[in-house]
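Accompanying notes for the structure given below.
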2 protein chains.
Amino acid sequence: MAIISFRLNEKLFLRDPQSSELGQNIVCHSIALIDSIGFEQFTFKKLADKIDSTEASIYRYFENKHRLLVYLIDWYWTWIDYRIEFAIQNLRSPEERLQAALKVIIEEKKNDPGIAFVDEQALQRIVMAEFDKTYLTKQVDIDNKEGLFIPYKAVCKRLAEQIKMANPAYPHPHTLISTTMLSINHQLFYAQHLPSLTDLNKDSAKSHQALYEFCESFIFKAIKS
Amino acid sequence: MAIISFRLNEKLFLRDPQSSELGQNIVCHSIALIDSIGFEQFTFKKLADKIDSTEASIYRYFENKHRLLVYLIDWYWTWIDYRIEFAIQNLRSPEERLQAALKVIIEEKKNDPGIAFVDEQALQRIVMAEFDKTYLTKQVDIDNKEGLFIPYKAVCKRLAEQIKMANPAYPHPHTLISTTMLSINHQLFYAQHLPSLTDLNKDSAKSHQALYEFCESFIFKAIKS
DNA sequence: CTTTTTTTGATAGTATTGCTATCATAAACG
DNA sequence: CGTTTATGATAGCAATACTATCAAAAAAAG
């Protein structure tokens, strides 16, 4: 099996973390650490201690912890986009393509041994809990100009294209897709922590399935003319 | 016109900010300051300087800046819930009630002179940009147990009840409502900062209207049997 | 297999943040 | 008028978010 890696936006880092062992350690252990203590509590000092390195060394790779978070999340959406492309390649109708793409986005991730030094399950939890924080900032316009949100926007664009093909008259394809994506990123968190906001239950296998059914149903009903 | 004020959860503060001039100053100027520099950059020190007071004095009212943010946002949702109750009082059908409630939530806020020391427009922007940060934390379960999210959950519950009445067979009333609320809180931000994620345009008057139409349409299509 | 360059570690230092504690003064209250 | 209570002033502390310097180690180049 081929070992894949993604080339991410160079503005994300000062030195490419994929180019050295220390860099890979930073990425790999930052996922574990952010997943376990949350982004607010996460510091380069704590990470440095975990990997037996120093704060200064980590700063040589990432300008600050916000950029590191964006790096991880861009990796995630790049990976999702790649998997969607793969999943829809033999499907012709926009409806089938939408369904296949939704499945990729919503399904519970398994660790793919073909992918180096990334714990995809932990990363999915990070996306659920921290993704919004990457753009809900005062520097959003600068970050956006630097292309930091391209991978996420690419996934959304791909889905919106299928909506447009399924029903060219539907007036809100982008709004519908970004709403769906928000829902996907939040509902499983609600199931765990704020259950009164969702009908999904805590059981993870079932809730992923129920979430898929919810999204599929409301997308197709929304665009039906 | 009656001057209204809301009694909020006592866990939110150490001393009730509504009980003194300093407290009111803290609330009023924290809204302006968070709106202008964002929650990450916001500190009690900066707020103290603005109101010619001291850090120590502010800490007598709020345990930390997170609690202050939750206080502001709880105030907002309490106010919205109150206005929804008012707006739907003479409406009988769940459909009409849903529509009226949606309008209250989505419409561009105007400053209500009947409400003391709160800039509702700024607060709505804060809700858009910072609300998710109140619950996307590692302490979410503790905060939830202390009742910090009750006002938001109350709004969601009220809407979900109407969904259930409109179509008792619909299987995802809470998921549908919390998805709608997410969309409302994010789409206008997208229109300003990440326009490729939405079909709303930057013009605020039009975008509020278009957002209403989008939400109404997808809710009613979703629950149609 | 040296020499040079690059990368890392070690250490130090600084400004800011997120608090807590103490004490004097001012305001409010009885 | 005396006494709670609220505020301001100041100090201090540990942690955070960096930046700078220098030497050692590792990698690359000759």
Side-chain angles (χ1 to χ4, degrees), chain A residues 10-30 33-34 36-72 117 130 133-134 137-139 142-143 148, chain B residues 10-30 33-34 36-72 117 130 133-134 137-139 142-143 148:
Chain A
E10 300 204 344
K11 303 257 171 131
L12 286 167
F13 46 76
L14 300 171
R15 213 203 285 312
D16 185 352
Q18 299 194 51
S19 71
S20 74
E21 214 190 312
L22 176 60
Q24 294 174 18
N25 262 319
I26 290 170
V27 170
C28 161
H29 287 85
S30 67
L33 193 53
I34 294 174
S36 103
I37 65 174
F39 185 64
E40 279 72 33
Q41 300 307 309
F42 171 82
T43 68
F44 280 1
K45 181 79 179 56
K46 289 175 187 168
L47 177 59
D49 290 346
K50 286 259 171 197
I51 61 178
D52 277 309
S53 180
T54 60
E55 242 184 310
S57 298
I58 297 174
Y59 274 106
R60 288 186 187 110
Y61 284 85
F62 293 98
E63 226 176 298
N64 52 52
K65 69 174 188 168
H66 186 256
R67 287 275 153 141
L68 171 54
L69 178 64
V70 177
Y71 178 90
L72 298 177
F117 62 87
E130 321 290 359
K133 298 172 193 168
T134 61
T137 69
K138 284 287 165 184
Q139 348 120 30
I142 298 163
D143 289 354
L148 303 200
Chain B
E10 299 205 344
K11 303 257 170 128
L12 287 166
F13 47 77
L14 301 171
R15 215 207 283 312
D16 185 353
Q18 300 195 50
S19 70
S20 73
E21 214 189 312
L22 176 60
Q24 295 175 18
N25 261 319
I26 291 171
V27 170
C28 162
H29 286 86
S30 68
L33 192 54
I34 293 173
S36 104
I37 66 176
F39 185 64
E40 279 72 34
Q41 300 307 311
F42 171 82
T43 66
F44 279 1
K45 180 80 179 59
K46 290 175 187 167
L47 177 59
D49 289 348
K50 285 261 172 193
I51 61 179
D52 277 308
S53 178
T54 63
E55 242 184 312
S57 299
I58 297 173
Y59 273 106
R60 290 185 186 112
Y61 283 86
F62 292 99
E63 226 177 299
N64 52 52
K65 71 174 186 168
H66 185 257
R67 288 274 153 141
L68 170 55
L69 178 64
V70 177
Y71 178 90
L72 298 178
F117 62 89
E130 322 288 359
K133 298 172 193 168
T134 61
T137 70
K138 284 287 167 184
Q139 350 118 31
I142 298 163
D143 288 356
L148 303 199

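Note that the coordinates shown come from a computational prediction; the quantities given were computed from them, not determined experimentally.
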What's the [atom1]-[atom2] distance between [X] and [N], to the nearest Å?
X       : N      : atom1 : atom2 : value
A:Lys45 : C:dA10 : NZ    : P     : 11 Å
A:Glu40 : C:dG18 : CD    : P     : 11 Å
B:Arg60 : C:dA21 : CZ    : P     : 12 Å
B:Leu14 : C:dT20 : CG    : P     : 9 Å
B:Phe62 : C:dG18 : CZ    : P     : 16 Å
B:Gln24 : D:dA6  : CD    : C1'   : 15 Å
B:Leu47 : D:dG8  : CG    : P     : 12 Å
A:Tyr59 : C:dG9  : OH    : P     : 16 Å

Between A:Glu63 and B:Ser20, which has a closest nucleotide on DNA chain D that is more 5'?
->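 Here B:Ser20 is the residue nearer the 5' end.
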Just to be sure I understand the rule, does [X] reach a base, reach only the sugar-phosphate, or reach nothing, if contact means heavy atoms closer than 4.0 Å?
X       : result
A:Lys65 : sugar-phosphate
B:Tyr61 : sugar-phosphate
A:Thr43 : sugar-phosphate

Presence of salt bridge, A:Lys133 and A:Glu40, under 4.0 angstrom |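 Salt bridge between A:Glu40 and A:Lys133, a charged N being under 4.0 Å from a carboxylate O: yes.
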With side chains defined as the heavy atoms from C-beta onward, is the minimum distance between [X] and [Y] less than 4.5 Å?
X        : Y       : value
B:Leu148 : B:Arg67 : yes
B:Tyr71  : B:Val27 : yes
B:Ser53  : B:Asn25 : no

Please tell me which of the listed nucleotides, D:dA6, D:dA9, C:dG9, lies nearest to the side chain of B:Thr54?
->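 Among D:dA6, D:dA9, C:dG9, the one nearest the side chain of B:Thr54 is D:dA9.
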Report the relative orientation of the aromatic rings in B:Phe44 and B:Phe42; use parallel for angles under 30°, tilted for 30 to 60°, perpendicular for over 60°.
->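 Answer is perpendicular, since the angle exceeds 60°.
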Counting just side-chain N and O atoms, does B:Ser57 come under 4.0 Å of either OP1 or OP2 of D:dT7?
->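 So the side-chain polar atoms of B:Ser57 never come under 4.0 Å of the phosphate oxygens OP1 or OP2 of D:dT7.
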Is the distance from OP1 or OP2 of D:dT16 to the nearest side-chain N or O of A:Lys46 less than 4.0 Å?
->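 Answer yes for this pair, as a side-chain N or O of A:Lys46 is under 4.0 Å from OP1 or OP2.
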